[in-house]
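Quick notes on the structure that follows.
Since this is a predicted model, take the numbers as computed values, not measurements.
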Amino acid sequence: MAQAITLARPYARAAFEVAHAAGSLDAWSQALAFAGAVAADPRVAGLGNDPRVIPAQLVALHLPAGVAKDAPFGQFLAEMAEQRRLALLPEVAELYETFKRESESQLLVKVTSAMAIDAAQAEQLKASLKRRFKREIELETRVDASLLAGAVIDTGSEVIDGSARGRLAKLAGALGN
């Protein structure tokens, strides 16, 4: 995984710079999401290293409808296809989204809670996190009943564990020492 991210980073950076310069961050985001989903499909994954499949065929397979093969995104895919790197598209799309959020001063926060968070709680949490991190907050929520109560907040660089399971684990560790 670390090697795929390392290999994908220059492609994601290049895609971001081209999209940013053209003012088409959202269009590239959608195109990369599509191409990444195609590349992640097991039926397509094996084609990347098949010598019978030429790069132009791979580009056509990964190109979203309505995007010309001579458009900047098509040329980007063609370069990746020539280097046999289309399998990296899911990682490229993920890194691109990170660069995009950073440029828009946004932070993706993953919240895992014991129970579903309603809209009012989500807005309150977003406001609190916005004050703390001084950035716009995009929440991604999921429910995990095994937490028992509370929530775990993951910002990517910091994890705040306010779950009952986390507190019990700390207590067990303290009692064990």
Quiz item: Taking it one step at a time, do His62 and Val44 satisfy side chain to side chain contact (heavy atoms under 4.5 Å, CB included)?
Solution: CA-CA 9 Å; His62 290 81; Val44 176; 3.9 Å; yes
Sub-4.5 Å side-chain heavy-atom contact between [X] and [Y]:
X      : Y      : value
Ile5   : Leu95  : yes
Phe16  : Ser103 : yes
Leu125 : Leu139 : yes
Met80  : Val92  : yes
Phe34  : Val67  : no
Val111 : Glu140 : no
Ser29  : Lys100 : yes

Might you point out which heavy atoms bring [X] and [Y] nearest each other, and give the distance in Å?
X      : Y      : answer
Pro72  : Val18  : CB-CG1, 4.3 Å
Leu77  : Ala35  : CD2-CB, 4.4 Å
Ala81  : Leu86  : CB-CD1, 3.7 Å
Asp118 : Gln121 : OD1-N, 2.7 Å
Gly36  : Pro90  : O-CG, 3.4 Å
Ser24  : Tyr96  : O-OH, 4.3 Å

* To do: Answer yes or no for Arg85 and Tyr11: cation-pi contact, defined as NZ/CZ to six-membered ring centre under 6.0 Å and angle to ring axis within 45°.
  => no
Which is it for Leu32 and Leu89 under the side chain to side chain contact (heavy atoms under 4.5 Å, CB included) test, yes or no, and what are the steps along the way? CA-CA 7 Å; Leu32 279 169; Leu89 278 168; 4.1 Å; yes
Between [atom1] of [X] and [atom2] of [Y], what distance do you get to the nearest 0.5 Å?
X      : Y      : atom1 : atom2 : result
Glu123 : Lys130 : CD    : NZ    : 10.5 Å
Glu138 : Leu129 : CD    : CG    : 13.0 Å
Gln3   : Glu91  : CD    : CD    : 11.0 Å
Ile137 : Leu108 : CD1   : CG    : 9.0 Å
Leu7   : Gln83  : CG    : CD    : 11.5 Å
Thr155 : Lys110 : OG1   : NZ    : 10.5 Å

Fill in: Within the 6.0 Å centroid threshold, strictly below: Phe76 and Trp28
yes
Query raised in the report: Near Glu17 CD, under 6.0 Å, is it more than 12 heavy atoms from other residues, nucleotides or ligands?
Result: yes
Checklist entry - Do Gln57 side-chain atoms and Ile54 backbone N/O form a donor-acceptor pair below 3.5 Å? => result yes
